[in-house]
Amino acid sequence: MSRNKAYAKAIVAVNRILTTAIYIFYPAMIVYLAVSTPVYRWIEILPYVAVPGISFIMVSIFRSRFNAPRPYEMPGAPVPIIKKDSPGKSFPSRHIFSIFIIAVTAFVLWPPVGMAIALAGVLLAVCRVLGGVHFPRDVVAGAITGIVLGAAGYWVIVPMLMGRPF
């Protein structure tokens with residue numbers, strides 16, 4: 001696959017576009033919420049920062065301690081299409097975790113937008129595997145972790161802390 005330059009360029013481009021778009025969307029969403037919410041109600045925005053933020057830290061710590069190898073670290077593995085040379089920390093995929101927890105966050109506010117981001121997450125997951133930087137288990141675990149921690153955060157933990165449904 002890496003010998004086909006058009007294929008390789010497409011994988012790299014889709015990976016870069018989706019990653020950049022999501023990492024622009026999330027802060028823009030928080031800014032939009034801050035601008036459209038009266039100052040005396042800004043506490044209501046906190047879950048949209050805290051749930052993804054705390055979850056991201058938890059996943060990062062787990063990844064660091066688990067330290068699973070990446071596909072290109074395997075004996076005889078081809079050079080990855082997506083440029084990456086750092087060892088380990090492959091499980092779960094933090095790119096995929098991030099896009100899915102952002103999808104859950106957007107879903108809480110605007111369900112169609114959240115679903116669109118989740119679909120983009122599936123495409124990004126495919127790119128990360130075909131690009132040679134993750135095993136399928138890494139991206140599946142990243143997606144499930146993002147969905148589960150997002151759902152737990154927004155529909156279980158935040159309501160308990162706020163004393164009312166979120």
Side-chain angles (χ1 to χ4, degrees), residues 1-34 48-110 112-154:
M1 287 190 225
S2 60
R3 291 182 193 156
N4 182 330
K5 292 195 187 297
Y7 171 81
K9 283 184 179 182
I11 293 290
V12 169
V14 171
N15 178 69
R16 185 175 295 129
I17 289 166
L18 289 177
T19 300
T20 302
I22 293 305
Y23 290 130
I24 289 171
F25 170 80
Y26 177 69
M29 180 184 74
I30 298 303
V31 168
Y32 169 78
L33 291 173
Y48 302 113
V49 176
V51 170
I54 292 168
S55 299
F56 185 84
I57 291 167
M58 290 171 33
V59 166
S60 295
I61 291 168
F62 175 81
R63 267 171 52 111
S64 181
R65 294 208 172 127
F66 192 74
N67 200 24
R70 292 182 176 272
Y72 55 80
E73 294 179 82
M74 299 290 115
V79 174
I81 294 170
I82 297 171
K83 299 296 179 215
K84 187 154 186 75
D85 58 7
S86 58
K89 300 178 186 170
S90 180
F91 181 87
S93 167
R94 205 164 45 188
H95 274 80
I96 304 308
F97 161 78
S98 296
I99 198 169
F100 275 91
I101 199 153
I102 290 168
V104 172
T105 301
F107 185 84
V108 170
L109 297 163
W110 313 291
V113 174
M115 293 303 294
I117 293 171
L119 289 174
V122 171
L123 181 57
L124 183 60
V126 169
C127 287
R128 303 291 291 173
V129 171
L130 294 178
V133 294
H134 282 293
F135 291 107
R137 68 163 190 243
D138 301 336
V139 297
V140 169
I144 291 170
T145 304
I147 292 166
V148 168
L149 290 179
Y154 293 115

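All values reported here derive from a predicted model rather than from experimental measurement.
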Determine the minimum heavy-atom distance between [X] and [Y], stating which atoms define it.
| X | Y | result |
| --- | --- | --- |
| L124 | N15 | CD1-OD1, 3.4 Å |
| P80 | V133 | CB-CG1, 4.1 Å |
| I101 | P52 | CD1-CA, 4.0 Å |
| A106 | I117 | CB-CD1, 3.8 Å |
| R137 | P69 | NH2-O, 4.0 Å |
| S86 | R70 | O-CD, 3.6 Å |

Under 4.5 Å between any side-chain heavy atoms of [X] and [Y], yes or no?
| X | Y | answer |
| --- | --- | --- |
| M29 | T105 | yes |
| V108 | V51 | no |
| V122 | F100 | yes |
| I22 | Y26 | no |
| Y72 | V79 | no |

Without swapping roles, check the side chain of D138 against the backbone of P92 for a donor-acceptor pair under 3.5 Å.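 A pair under 3.5 Å: no.
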Donor-acceptor pair, distance only, cut-off 3.5 Å: does the side chain of R63 make one with the backbone of S93?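 Not at all, since once roles are kept as given, no pair shorter than 3.5 Å links the two residues.
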Rounded at 0.5 Å granularity, tell me how far [atom1] in [X] sits from [atom2] in [Y].
| X | Y | atom1 | atom2 | answer |
| --- | --- | --- | --- | --- |
| Y48 | L109 | OH | CG | 4.0 Å |
| H95 | Y23 | NE2 | OH | 5.0 Å |
| L130 | I82 | CG | CD1 | 8.5 Å |
| I81 | N4 | CD1 | CG | 9.0 Å |
| I144 | L149 | CD1 | CG | 11.5 Å |

Parallel, tilted or perpendicular, as decided by the 30° and 60° cut-offs, for the rings of F97 and F56: tilted
How are the rings of F25 and W110 set relative to one another: parallel (under 30°), tilted (30 to 60°) or perpendicular (over 60°)?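 If you compare the ring of F25 with that of W110, the planes turn out perpendicular.
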How about OH on Y32, more than 12 heavy atoms from neighbouring residues, nucleotides or ligands closer than 6.0 Å, or not?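 No - once you tally the heavy atoms of other residues, nucleotides and ligands closer than 6.0 Å, there are 12 at most.
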